[in-house]
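The block underneath contains the structure these notes are about, expressed in structure tokens.
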Amino acid sequence: MTQCRWCIGLAAAGGAAVALGLAVSPQSALGSLLTAGFWLLGMGLFGIFFVSVQYASGASWSVAFKRVPEAMSSVLPAGSALIAAVLAFAPVVYPWVHEQDHFTGFKRMWLDLPFFLGRAALFLLIWWVFARVIVRYSRLQDMTRDAGLTGRITRVCVGFLVVFAITFSLASFDWIMSLEPHWYSTIFAIYNFAGMFSSGLAALILLLVWLRRTGPLRDFVNEEHFHDLGKLLFGFTTFWMYIWFSQYMLMWYANITEETVYYISRIQRFWGPLFLLNMILNWVFPFFALLPKRVKRTPHLIARVAGVVLIGRWLDLYLMIKPSSAGANPSFAIWDAGALIGSAALFIYLFQRAYRQAAPVPMADPRLEESLHYHN
Amino acid sequence: MTRRVMVGIFNDEQDLLRVTRAVRSQGLPILDVYAPYAVHGLDQAMGLPPSRLPWVCFALGLSGAALKVWFEYWTTAVDWPINVGGKPWDSLPAFVPITFEVMVLFAGLSTVFAFFLVSRLYPGRKAVIANKGTTNDRFALVIEEADAAFDPPQVQRLLESYGAIEVYERAEEEAA
């Protein structure tokens with residue numbers, strides 16, 4: 001595995017494109033930046049969430065490649081920085097900053113700029129601290145060879161899962177749903193979680209295929225691991241569709257103006273084809289592609305499905321964020337491409353840097369042996 | 001018709017997996033393997049072909065969904081149209097949850113019944129049990145004494161070298 005040299009260049013070019021956008025069309029460029037920031041943050045959160053779920057459930061199958069999701073969590077500070085950049089322009093991005101008079105009661109209290117920024121800072125800090133502690137303990141085990149550490153990490157992970165459920169829900173309400181403050185959906189946080197988890201799995205699968213081909217995990221990750229990851233991806237893309245539909249159907253059925261406005265702006269003109277493409281990339285294609293056992297067990301085949309899901313997540317976020325400000329006929333600008341390519345390059349660069357800081361396989365983990373010899 | 005079989009009883013699933021591989025690599029015909037629970041990796045060790053049940057599941061799930069969409073369309077739009085909230089008669093989004101449930105029902109039940117059918121499990125069938133211990137904590141490997149080249153003492157030694165706690169021969173009625 002050689003360090004991606006041009007990744008920094010690409011990330012800088014993406015940053016420059018977004019900076020240009022900020023000068024030309026701030027609202028549009030900030031939407032692109034929010035998409036990139038939430039995507040990158042989602043990758044980091046997936047990493048630490050995945051590790052936590054494995055510890056909390058006492059799973060052994062994933063131990064052989066545990067260092068990969070751990071390294072994914074190292075993008076949290078960069079993702080936080082992108083979100084912070086968007087929030088610094090909150091009056092441009094979020095209409096409720098100027099429309100305080102339109103709200104009453106709890107909503108007025110909740111959508112208050114200092115409170116909004118304060119809890120954002122708190123969420124980002126909490127995630128970063130948990131990620132640091134879990135990864136540090138896990139790496140410490142390599143040196144101390146202390147099997148007892150596993151129990152301590154498990155307790156931290158269980159704590160994180162509880163905190164994560166609350167903070168991630170509120171963060172998706174705050175940063176994305178409040179772009180259209182009069183619209184609301186109580187299932188929005190789970191919908192976002194489903195997208196975050198399935199796209200994180202897709203990224204994890206791609207990284208594993210790559211690391212297996214280029215060396216570090218060649219003798220450790222086998223088709224059994226891909227088979228199980230494929231099953232998870234199959235399950236969670238379907239979960240995403242289930243939640244997507246749950247949100248859609250209730251609003252379609254009730255047909256109340258303040259709810260349907262969200263979908264009306266997303267099925268017209270420019271957005272219509274993308275609205276359908278979103279379902280194809282995130283569910284229809286992965287569902288049928290992952291049905292055969294052979295696809296799940298063949299690295300280069302499952303990698304293709306994972307690539308499609310990863311692109312689908314981007315489109316999903318784009319459709320959540322962009323239509324609120326762009327109207328019915330937006331133009332795909334250079335800062336959209338810049339944010340997409342730049343954040344992906346940044347992700348690869350930061351992942352590689354973190355992955356090299358520790359042994360590629362946690363040799364002292366008491367569950368490693370089981371992970372290397374298990375059958376589906 | 002009767003046939004002679006050799007039964008090896010084992011205490012441990014790892015022994016069972018190893019001996020199954022060894023017996024198969026020697027070309028001895030394995031009639032069946034009995035275990036108190038599903039042993040992971042046993043199907044590969046026995047060299048069983050992949051199960052065809054997923055195809056039943058897929059085909060019946062798909063037909064169940066298609067049938068249900070047609071039925072909902074027929075009941076709400078053709079046979080007795082009912083105006084619900086001013087929506088079109090054939091409102092597809094409203095059909096989705098029920099279509100999903102019926103797909104799951106068809107796929108699930110058909111898989112179970114197809115399994116009963118191919119493994120010939122039905123009420124009143126006399127169970128074929130290699131050894132009563134396999135219903136509790138023992139594993140049994142049953143080898144057919146297929147031809148004259150079958151050398152019972154040698155096979156017995158092979159089974160015992162893999163940790164068989166008991167080996168015996170017996171004649172059994174061949175399933176029709």
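Note on naming: letters A, B, ... go to the chains in the order of the sequence lines (proteins, then strands), and numbering restarts at 1 for each one.
Residues satisfying the salt bridge (charged side-chain N to carboxylate O under 4.0 Å, His left out) test with R313(A), not counting sequence neighbours, are none. Residues satisfying the side-chain hydrogen bond (donor to acceptor under 3.5 Å, both in side chains) test with Y191(A), not counting sequence neighbours, are D316(A). Judged as a side-chain hydrogen bond (donor to acceptor under 3.5 Å, both in side chains), and not counting sequence neighbours, R212(A) has no contacts.
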For a quick check, list the donor-acceptor atom pairs closer than 3.5 Å between chain A and chain B, or say none.
from    : atom 1 : to     : atom 2 : distance (Å)
W252(A) : O      : K87(B) : NZ     : 3.2
Y253(A) : O      : K87(B) : NZ     : 3.0
N376(A) : O      : H40(B) : ND1    : 3.4

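M249(A) and P93(B) make their closest contact through SD-O, 3.6 Å (heavy atoms, listed as atom of the first residue, atom of the second, distance).
By the neighbour-count criterion of 12 heavy atoms within 6.0 Å, atom CZ of F287(A) is densely surrounded, having more than that number from other residues, nucleotides or ligands.
Each of G85(B), P54(B), A94(B) has some count of heavy-atom pairs under 4.5 Å with chain A, and the biggest count is that of A94(B).
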